[in-house]
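Down below is the structure, laid out as structure tokens.
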2 protein chains.
Amino acid sequence: MAIKGASCIACPMDPVLRAVTGRWTTTILWHLSTESPLRFGELMGLMPEISAKVLTDRLRMLEKNGLVLRTQKPTIPPEVSYEMTEHGRDLHQALRALHEVALKWDAEGWVPGQGFPDTPVTQAAE
Amino acid sequence: MAIKGASCIACPMDPVLRAVTGRWTTTILWHLSTESPLRFGELMGLMPEISAKVLTDRLRMLEKNGLVLRTQKPTIPPEVSYEMTEHGRDLHQALRALHEVALKWDAEGWVPGQGFPDTPVTQAAE
DNA sequence: GTAACCGGTTACTAAATGGTAATTACTTAC
DNA sequence: GTAAGTAATTACCATTTAGTAACCGGTTAC
């Protein structure tokens with residue numbers, strides 16, 4: 001008889017979560033999952049608050065993990081575009097499900113850090 | 001006519017992703033989504049590498065966001081258990097989809113930071 | 001000659017995050 | 001009287017991460 005939940009200690013969730021979640025990562029995947037290919041500048045435009053450095057870092061990481069494909073045309077000025085790989089597209093269902101949750105919670109009046117209208121407010125001690 | 005993808009700049013994905021993704025957060029939600037309720041110590045056991053401080057931080061954040069319910073029995077020693085709220089359970093589909101992806105990629109030989117067997121290897125410059 | 005274009009890179013600094021160890025509280029067992 | 005057990009909390013320090021601004025390349029338009 002397995003210990004409650006113990007069967008998942010060594011399941012492959014953790015490494016996958018590290019690769020596809022985290023600051024900006026999931027947002028980038030969501031955009032590329034919704035419309036591909038997207039150019040570097042277009043991604044910047046879709047995420048006005050990300051910096052070029054972080055976007056580059058994330059795209060490199062996703063590329064290394066085989067989830068995103070980078071295509072460069074050697075024109076002047078250069079034209080670089082990104083799209084999901086075949087494997088990356090496996091995330092489509094999960095991303096769509098997350099998007100639906102986002103729409104639902106938004107409609108229900110969810111506020112980041114405060115929860116839903118029916119979430120009990122924890123009193124701040126004086 | 002909307003600019004390519006522009007319709008999602010202000011969509012509610014970002015705040016939701018901040019609340020449910022991030023180091024340990026999604027893993028905690030996955031465990032609570034799979035079996036509830038779980039006690040603090042049980043969660044620690046399921047994630048051998050997390051520290052009590054970080055687990056506490058995450059649980060407080062999830063509670064504030066109305067996704068996780070904390071129940072304390074005033075016994076000695078105390079017995080505190082955590083479970084998903086009604087709203088939190090909205091994530092079930094997304095979490096299950098992520099889990100399926102994890103199982104699939106694992107079976108396909110995906111290695112974190114190196115991708116799949118068919119992912120082109122970027123040469124490390126000497 | 002110089003500014004714009006695009007997709008970066010680099011160096012430096014600032015902020016967020018995470019880990020460790022000590023401490024709390026109350027009761028039961030040794 | 002002291003250690004164990006549970007669920008934390010706190011202070012402090014180390015690490016990681018992110019942001020800022022400057023710079024690069026080659027060509028075209030002014």
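Here is how names work: the chains are called A, B, and so on, in the same order as the sequence lines, proteins then strands, and each is numbered from 1. As the structure is a prediction and not an experimental result, all values here were calculated from the model.
- Residue whose closest nucleotide on DNA chain D sits further toward the 5' end, between A/Ile76 and B/Arg39: B/Arg39.
- Residues B/Thr27 and B/Met47 have side chains in contact (heavy-atom distance under 4.5 Å, counting atoms from C-beta outward).
- Sequence neighbours left out, not one pair with a member in residues 36-78 of chain B passes ring pair (Phe, Tyr, Trp, His ring centres under 6.0 Å).
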* Asked: Would A/Leu46 and A/Leu38 count as a side chain to side chain contact (heavy atoms under 4.5 Å, CB included) if you check the C-alpha gap in whole Å, the side-chain angles of each, and the deciding distance to 0.1 Å?
  -> CA-CA 10 Å; A/Leu46 290 168; A/Leu38 283 171; 3.7 Å; yes
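- Going from atom CG of A/Leu29 over to atom CG of A/Leu62 covers 5.0 Å, rounded to the nearest 0.5 Å.
- Following chains of ILVMFWY side-chain contacts shorter than 4.5 Å, one cannot reach A/Leu69 starting from B/Trp110, and the two form parts of different hydrophobic clusters.
- Rounded to the nearest 0.5 Å, atoms CG (A/Asp118) and OG1 (B/Thr85) are 8.0 Å apart.
- Residues B/Thr119 and A/Asn65 fail the side-chain proximity criterion, which asks for heavy atoms closer than 4.5 Å.
- Note that the first and last nucleotides of DNA chain C, 5' to 3', having any atom under 4.0 angstrom from a heavy atom of chain B are C/dG18 to C/dT27.
- By the 4.5 Å heavy-atom criterion applied to side chains, A/Arg39 and A/Val80 are not counted as neighbours.
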Pick out the pairs of N or O atoms, protein on one side and nucleotides 14-19 of chain D on the other, that lie under 3.5 Å.
from: D/dA18; atom 1: OP1; to: A/Arg58; atom 2: NH2; distance (Å): 2.8
from: D/dA18; atom 1: OP2; to: A/Arg58; atom 2: NH2; distance (Å): 2.3
from: D/dA18; atom 1: N7; to: A/Lys53; atom 2: NZ; distance (Å): 3.2
from: D/dG19; atom 1: N7; to: A/Lys53; atom 2: NZ; distance (Å): 3.2
from: D/dG19; atom 1: O6; to: A/Lys53; atom 2: NZ; distance (Å): 2.7

